[in-house]
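Take a look at the structure set out below.
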Amino acid sequence: MELTRLRGFRDLIGADARAMSLVEERARALVERYSMKEVRIPVLERTQLYQRSTGETSDIVEKQMYTFTDRDEGETVVALRPEGTPGVVRAYIEAGLDRTEPEQRLFYSGAMFRRERPQKGRYRQFFQFGVEIFGRPDAACDAEILIMIDELCRDLKVPFAMEINSIGDQKCRPAFREALVQWGRAHWEELCDDCHNRIDRNPLRLLDCKIDAKLTESAPKSLDYLCDECRTHFDTVKELLSAGKVQFVVNPRMVRGLDYYTRTAFEVMAGGLGAQSTVVAGGRYDGLVETMGGAAVAGIGFAIGVDRMALAIQAAGMAPSTAPDAAIIAMGPAATRHAIVVARNLREANLNVEMLSPERKMKTLLARAAKIGARVAVIIGDDEVARGVVQIRDLKQSTQREVAVAEAARAIADARGE
RNA sequence: GUGAGUGUAGCUCAGUUGGCAGAGCAUCGGAUUGUGGCUCCGGCGGUCGAGGGUUCAAAUCCCUUCACUCACCCCA
């Protein structure tokens, strides 16, 4: 086969796709309980949008974007979205919401694209479910967002750990950043090659280097450089989280890869995922809207890595069953006409029903019913049609009973429920 | 972008000093009528990732290349 899928792009069939959908469905139900509104944004945007917001020196912008020149007269340079936040911020400003109704609670869901080397939990097309709240600079909003994430992880029954940190704001972060650079220069000889690059490109990243982890324990911490406002904000967030009964740990070494983050940063790690274990991450970005040409409006948001969360669900054995409640076995043409009506009635009673091919032998069909995990087989032959009944065979217990057609849904629901 | 590992049947994998391409599972059929899982018998199934080289002979040795997986990096 020569027309295979592209590297890093996945086909998800059956259970794998179901796990993804489950994450999205639960996330949607969650955000609707939090009074959030959906926003649908384009997959393709101007490359400049990401350069301006995500950061010129971030790896995402520098080497991971799918970017190309469009064929119009202006030869616009466009890119497949590598993340959702810049598009949402752009849409928010473009709709004039920053001036007319600055306080907005928005969510989005969809595919993102980054041209990275694939590995477990990292694909070139991946799905994010994200939330952005504008116009809420207060710590209660941070806390509410973290409570929401906690709620989702519990709902999905995935073992997880939440870490939070504060990385300061425009006022106090420059000093911290400078202190890190100074520290890095002073320890140049002891640091690895990657860290040498990070000192210029993204000094905060020094802190989560795996090779130099020991050494960076002595590096400056953002928490020691917070201004009074940031300090108070962070303390309030922690206090509210405790009040909200959320388990978390403060990780003073956690940083964000993207330029726009300020103050509260957070990350949720789940088990069973290998090296790419972060399933939710986000933080506050109070200066971003203004940077993008809008009013000075606060912002905070996060994204769920849907692919990774789905992997975590499956690793934890919490993936939902897709097995039908009943498999219909019709013997012969007359019975088939009858069976198709019975199948419809059962489905209207909210049962998951699979009708098997009427052109095969009973023996084969029963074997198939068992294979697809059906709880019961509903057997209909000419004799049953004549008498207005069906045979309901419990495939786990190997018991069988005859019931009137009108009673079938009840009987199947009972078998399922016991 | 860097590194390591792996490519043989639909799947999981054997294949010794180079000598006829294998097993288990799955699938399809059979063991007499409309009753599955267990058992028995049989069938289908292969460009040994691809290309080149060495050799009488290559899945096996050499070179090139592609793909997949994991990790670094990066990040959700």
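Just so we're on the same page: letters track the sequence lines, and every chain starts at 1. Every heavy atom of this structure was used, including side-chain atoms; hydrogens, water molecules and symmetry mates were not.
- Atom NZ of K396(A) has more than 12 heavy atoms from other residues, nucleotides or ligands within 6.0 Å.
- For E132(A) and Y92(A), the side-chain atoms include no donor-acceptor pair closer than 3.5 Å.
- One finds no salt bridge joining E163(A) and R253(A) here, because no Lys/Arg side-chain nitrogen approaches an Asp/Glu carboxylate oxygen to under 4.0 Å.
- In this structure, a donor-acceptor pair under 3.5 Å is absent between the side chains of Q170(A) and D286(A).
- Rounded to whole Å, the C1' atom of U27(B) lies 24 Å from the corresponding atom of U32(B).
- Taking atom CG of residue D383(A) and atom P of nucleotide U35(B), one finds them 14 Å apart after rounding to whole Å.
- Taking atom C1' in both C66(B) and G49(B), one finds a spacing of 7 Å when rounded to whole Å.
- Across P42(A) and E45(A), no two heavy atoms sit closer than the pair CD-OE2, 3.7 Å.
- Salt-bridge check for E144(A) with R105(A): passed, with a basic side-chain N closer than 4.0 Å to an acidic carboxylate O.
- The minimum heavy-atom distance linking V376(A) with A415(A) is given by the pair CG1-CB, 3.7 Å.
- Taking atom P on both G19(B) and G36(B), the two are 47 Å apart, rounded to the nearest angstrom.
- Test K238(A), R284(A), R263(A) against D142(A) for side chain to side chain donor-acceptor pair (under 3.5 Å) and you get one pass: R284(A).
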Practice problem: Encode nucleotides 25-32 of chain B as B, S and - characters from 5' to 3', where the letter depends on protein heavy atoms closer than 4.0 Å: B to the base, S only to sugar-phosphate, - to neither. | Solution: --SSSSB-

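- Atom CG in L311(A) sits about 14 Å away from atom C1' in U69(B), given to the nearest Å.
- A59(B) and U65(B) have their P atoms separated by 22 Å, given to the nearest Å.
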Practice problem: Treat primed atoms plus P, OP1 and OP2 as sugar-phosphate and everything else as base, then score nucleotides 71-76 of chain B 5' to 3': B for base contact with protein heavy atoms under 4.0 Å, S for sugar-phosphate contact only, - for none. | Solution: BBBBBB

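- Only the C1' atoms considered, G29(B) is 25 Å distant from A21(B), to the nearest whole Å.
- Comparing U33(B) with C20(B), their C1' atoms sit 46 Å apart, to the nearest whole Å.
- Put simply, CG on D394(A) is 15 Å from P on G36(B), counting in whole angstrom units.
- Salt-bridge check for E25(A) with R18(A): passed, with a basic side-chain N closer than 4.0 Å to an acidic carboxylate O.
- On the C1' atoms, G15(B) is 9 Å away from U8(B), given to the nearest whole Å.
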Atom pairs under 3.5 Å, N or O on each side, protein against nucleotides 64-66 of chain B: can you list them with distances?
none

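- Note on E24(A) versus R28(A): no salt bridge recorded, every NZ/NE/NH1/NH2 to OD/OE distance being 4.0 Å or above.
- For G36(B), the base has a donor-acceptor partner in the side chain of R393(A) [N/O atoms by modelled type, under 3.5 angstrom].
- Between V378(A) and I412(A), the shortest heavy-atom distance links the atoms CG2-CD1, 3.8 Å.
- For the pair M331(A) CE and U35(B) P, the computed distance is 8 Å after rounding to whole Å.
- As rounded to whole Å, 17 Å separates atom P of G36(B) from atom CD of Q397(A).
- Pairs engaging residues 206-218 of chain A under the salt bridge (charged side-chain N to carboxylate O under 4.0 Å, His left out) rule: R205(A)-D208(A) [sequence neighbours left out].
- Residue pairs meeting the ring-ring contact (aromatic ring centres under 6.0 Å, His included) criterion with at least one member in residues 248-276 of chain A, sequence neighbours excluded: Y260(A)-Y285(A).
- Under 3.5 Å, the side chain of Q400(A) and the base of U35(B) form at least one donor-acceptor pair of N or O atoms.
- Taking the P atom of each, G30(B) and G51(B) are spaced 40 Å apart, rounded to whole Å.
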Exercise. Would you please test R10(A) and D16(A) for salt bridge (Lys or Arg N to Asp or Glu O under 4.0 Å) and show each step?
Key: CA-CA 10 Å; R10(A) 305 199 291 164; D16(A) 294 338; over 6 Å; no

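- With rounding to whole Å, L366(A) atom CG is found 15 Å from U33(B) atom C1'.
- Side-chain polar atoms of E83(A) and Q128(A) form no donor-acceptor pair below 3.5 angstrom.
- Secondary structure note: stems in RNA chain B built from 3 or more consecutive Watson-Crick or G-U wobble pairs under 3.5 Å occupy B:1-7 with B:66-72, B:10-13 with B:22-25, B:27-31 with B:39-43, B:49-53 with B:61-65.
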